[in-house]
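Every number for a ligand or one of its atoms is a count from 1 in the order of the listing.
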Amino acid sequence: MQKVHRKRLRKFLEPYRVTRGKGFRLKDHDPGDTHQFKSEQKREAKELLARGVEWLSEAQGMLYAQDRWSVLLIFQAMDAAGKDGTIKHVMSGVNPQGVQVTSFKAPSAEDLDHDFMWRCMKALPERGRIGIFNRSYYEEVLVVRVHEALLAKQQLPRKLVGKKIWDERFEDIVNIERYLARNGILLLKFFLNLSRTEQKKRFLERLDTPDKNWKFSTADARERGHWKAYMKAYEDMIRNTATPRAPWYVVPADNKWFSRLVVAGAVVEAMAGLELHYPRVGAEKKKELAAARRMLMTEKG
Ligand code: ATP
Ligand code: MG
């Protein structure tokens, strides 16, 4: 397995990683940022991504064999920011049996009959697996905050819905994430930070390219009207839920080749920290293996 230069990787990721949310400002983060990579170095970036993908594939094999840790990757973003493509590219080398992707859409009647974490807790990755949440419980402090009518549909007892509800949700989320970390779940959260201008460009592409027409939704285009409210909600969410154990990555998303590199880099860096290795067998098992070898070698025919 290739050696990961963790220090170098950490340095590359530093501008995007938020481990303490206090004072976080979205305006300090440029969606068009490509670090030191110029667009003519796209190829180099793609090669690095390919190496990351290869490394992840090997690491996932060990994660599975060890059966101790699990990894949970959460993706949040405005529409057309590239969540689906990022998941597809970053996980492209990984054994499909080791990954579970769950997409969270508007909650069903059954979901609404439970607490907001319920549907996400059911989808947590087993030990040895990588779980991916395409949207998550964070929608509860994003879309639900922007459209408060959604909150009214949640059947909460009235006296529990007050001005502090968002702060209470942040607190509950941080507590649950700490609990998950203490149970061996490595948690990384990605906000794909797309600019409003780039979103418009991508929507127009969906309208202009027949093969992309199916992706266009008028409802998504309507959400653009709430851009400012969304950005405020994202900023507040990151301020309140970025912790060393469950950091947010604010990923510049106007250039897909770059956002994929940042996400892959973050996953590699974090998994390298787990010091994964294949389980070593003990003396007893070695004896058993030697006996099996003898049996195979003495077989007739
Ligand atoms: P994506 O746009 O991520 O590719 P999609 O377009 O395939 O997903 P949609 O049918 O648009 O999926 O479903 C996602 C929608 O569900 C989003 O508008 C999202 O805000 C909404 N949603 C997700 N979770 C919740 C929630 N807890 N409460 C209300 N709405 C939610
Ligand atoms: Mg959508």
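By the side-chain hydrogen bond (donor to acceptor under 3.5 Å, both in side chains) test, N240 pairs with D236, sequence neighbours left out.
When non-hydrogen atoms are compared, ligand 1 lies under 4.0 Å from the backbone of K105 as well as from its side chain. Proximity of R119 to ligand 1, defined as any heavy-atom pair under 4.0 Å, is confined to the side chain (atoms from C-beta onward). Counting heavy atoms under 4.0 Å from ligand 1, residue L142 does not touch it at all. With a 4.0 Å heavy-atom cut-off, ligand 1 is reached by the side chain of R135 but not by its N, CA, C or O.
Considering P107, S103, C120 only, the shortest heavy-atom separation from atom 29 (C) of ligand 1 involves P107.
Salt-bridge annotation for K164 and E168: absent, with no side-chain N of the basic residue lying under 4.0 Å from a carboxylate O of the acidic one.
Within ligand 1, the atoms closer than 4.0 Å to a non-hydrogen atom of V144 are 28 (N), numbered from 1 in the order shown. Those atoms of ligand 1 with a heavy atom of K83 less than 4.0 angstrom away are 1 (P), 3 (O). Close contacts between ligand 1 and V143 involve ligand atoms 20 (O), 29 (C), 30 (N), 31 (C) [criterion: under 4.0 Å to a heavy atom].
Aromatic pair H29/Y16: ring centres not closer than 6.0 Å. Under the 6.0 Å cut-off for aromatic ring centres, F116 and Y137 do not qualify, their centroids lying 6.0 Å or more apart. The aromatic ring centres of F104 and F133 sit less than 6.0 Å apart. Residues W248 and Y138 place their aromatic rings such that the two centres sit under 6.0 Å apart.
Checked by distance only, ligand 1 and L150 stay at 3.5 Å or farther apart across all their nitrogen or oxygen atoms. Taking any N or O of E140, backbone or side chain, at least one lies under 3.5 Å from an N or O belonging to ligand 1.
A continuous path of hydrophobic side-chain contacts links I74 to M117 [ILVMFWY only; heavy atoms under 4.5 Å].
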